[in-house]
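This report refers to the structure that appears directly beneath it.
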Amino acid sequence: MYKIIDGKQISAEIKEEMKKEVAALNESGVSVGLAVVLVGNDPASKVYIGNKKKACEALGIVSSEYLLPEDTSEQSLLELVDKLNRDDSVDGILVQLPLPRHLDEKKIINAISPDKDVDAFHPINVGKIMIGDYIFAPCTPAGIIELIERSGISLEGKSCVVIGRSNIVGKPMSMLLLHKNATVTICHSRTKNLAEVVSSADVVVAAVGKPKFVTANMVKEGAVVIDVGINRMADGKLCGDVNFDAVAPKCSYITPVPGGVGPMTIAMLMKNTVAAAKQKQK
Ligand code: GUN
């Protein structure tokens, strides 16, 4: 019988731990601050940043929101980032992506101080992850490591297959698994014999962005399956990258969608923000 990895419960545990850490920092006279910047009116982004704000409030993190109009110039966004970089009350800066098309995402990310880059998207932080000397890891892959380890699953020596090679999930995920001494394979859209490669894995991380892409024939008996996908179906329901009903009976552990990886991202954002505040103390 498979076990469900409950992302809601594990994220609640992490948030509870962070709440205690924030309280301890506050007692020593240190406040923890996160600045969230949204350019434009994307409804999904508005929901995301609303959730981030709520999480901050619940943990005692001071959140500041910067809602800029769709036609904000690159110059004024860079000026805001610069102001936040120099503001001592701001420990973490998150510029919500995607940005409107006229803004150069790379240029904006590169302008954020690496010490405040709680998304870990800055090339300096990406490089630090590569060499295993990092304070921040991107929230989704870091959250997946927490889901696996807090479920009592060891990654040491395991064969892990990551499906997807994005800068935000696939690539950093592979590095984090490697740092846990897993043997890591990255599959992507050009991979030959993908089903065969995936079916050799002890741990599968599916981050493809295609609903029900991972089917039962691709999964080894007893595998751990982590589903990063959040696909909105025609009926409005959310669906992962894994065909849950078919795959789950073959698994030892599996994450559901929703309620698996999704809730972890905000918990890890809170963790990164607290880590930034602690690092500033040093
Ligand atoms: N948009 C969707 N997810 C994220 C995220 O984790 N960070 C940022 N900055 N933007 C996002």
Side-chain angles (χ1 to χ4, degrees), residues 3-28 30-36 47-63 91-94 96 115-121 125 128-129 132 134-155 160 168-169 172-173 175-177 179-180 182 203 205 207 224-230 238 240 253-281:
K3 291 197 180 112
I4 296 271
I5 300 180
D6 185 347
K8 273 194 214 164
Q9 193 200 319
I10 295 174
S11 73
E13 279 168 27
I14 293 171
K15 284 194 263 186
E16 201 50 46
E17 290 164 17
M18 290 308 113
K19 191 174 174 179
K20 289 191 183 123
E21 292 212 21
V22 173
L25 284 163
N26 287 168
E27 278 203 5
S28 60
V30 179
S31 71
V32 183
L34 175 67
V36 178
V47 173
Y48 291 145
I49 69 158
N51 290 338
K52 287 165 186 170
K53 188 177 172 190
K54 269 189 232 157
C56 284
E57 279 166 7
L59 270 57
I61 295 175
V62 181
S63 75
D91 296 292
I93 302 170
L94 182 141
Q96 186 69 24
D115 295 335
K116 298 190 178 189
D117 169 38
V118 284
D119 272 321
F121 292 166
N125 288 325
K128 286 186 167 191
I129 289 160
Y134 54 92
I135 290 168
F136 312 127
C139 298
T140 301
I144 291 169
I145 296 288
E146 295 279 359
L147 286 177
I148 294 172
E149 292 198 322
R150 288 179 188 242
S151 300
I153 301 158
S154 164
L155 287 163
C160 297
I168 294 181
V169 183
M173 184 77 255
M175 281 300 133
L176 299 190
L177 291 167
H179 295 323
K180 296 290 176 187
V203 178
V205 178
V224 174
V225 173
I226 307 290
D227 190 348
V228 186
I230 304 178
L238 291 182
Y253 291 85
I254 186 166
T255 62
V257 176
V261 174
M264 295 302 291
T265 56
I266 289 192
M268 300 316 290
L269 175 66
M270 300 296 111
K271 197 168 177 178
N272 282 350
T273 306
V274 172
K278 279 162 65 176
Q279 188 62 19
K280 190 176 68 180
Q281 293 307 101

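- Residues Met175 and Tyr134 have side chains not in contact (no heavy-atom distance under 4.5 Å, counting atoms from C-beta outward).
- Annotation for Glu27: atom CD does not count as buried by contact number, only 12 or fewer foreign heavy atoms lying within 6.0 Å.
- Taking 4.5 Å as the limit, every side-chain heavy atom of Lys53 sits out of range of all side-chain heavy atoms of Leu34.
- Residues passing the salt bridge (charged side-chain N to carboxylate O under 4.0 Å, His left out) test with Lys52, sequence neighbours excluded: none.
- By the ring-ring contact (aromatic ring centres under 6.0 Å, His included) test, Tyr48 is found to be paired with no residue, residues two or more places apart in sequence or in another chain being considered.
- Remark: Asp115 pairs with Ser113 by the side-chain contact (heavy atoms from CB on, under 4.5 Å) rule, at least two apart or across chains.
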Compile the donor-acceptor pairs under 3.5 Å between side chains in residues 264-271 and protein atoms, sequence neighbours left out, one pair per line.
| unit_1 | atom_1 | unit_2 | atom_2 | d |
| --- | --- | --- | --- | --- |
| Thr265 | OG1 | Gly262 | O | 3.1 |
| Lys271 | NZ | Glu146 | OE2 | 2.7 |

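- Annotation: side-chain hydrogen bond (donor to acceptor under 3.5 Å, both in side chains) contacts of Lys15 (sequence neighbours excluded): none.
- Under the side-chain contact (heavy atoms from CB on, under 4.5 Å) criterion, Ser151 pairs with Ile5, Ile10, Ile153, Tyr253, not counting sequence neighbours.
- Scored by the side-chain hydrogen bond (donor to acceptor under 3.5 Å, both in side chains) test, Glu17 finds Arg150 as partners (sequence neighbours excluded).
- With sequence neighbours excluded, no residue forms a side-chain hydrogen bond (donor to acceptor under 3.5 Å, both in side chains) with Glu16.
- For Glu21, the side-chain contact (heavy atoms from CB on, under 4.5 Å) partners two or more places apart in sequence, or in a different chain, are Met18, Val274, Lys278.
- For Glu57, the salt bridge (charged side-chain N to carboxylate O under 4.0 Å, His left out) test picks out no residue, with sequence neighbours left out.
- Applying the side-chain contact (heavy atoms from CB on, under 4.5 Å) criterion to Asn125, with sequence neighbours excluded, gives Pro114, Asp117, Ala120, His122, Lys128, Phe136.
- Partners of Asp91 by side-chain hydrogen bond (donor to acceptor under 3.5 Å, both in side chains), not counting sequence neighbours, listed by chain and number: Lys280.
- In this structure, the side chains of Pro138 and Ile129 come closer than 4.5 Å at one or more pairs of heavy atoms.
- When side chains are defined from C-beta on, Cys160 counts as touching Leu155, because their heavy atoms get closer than 4.5 Å.
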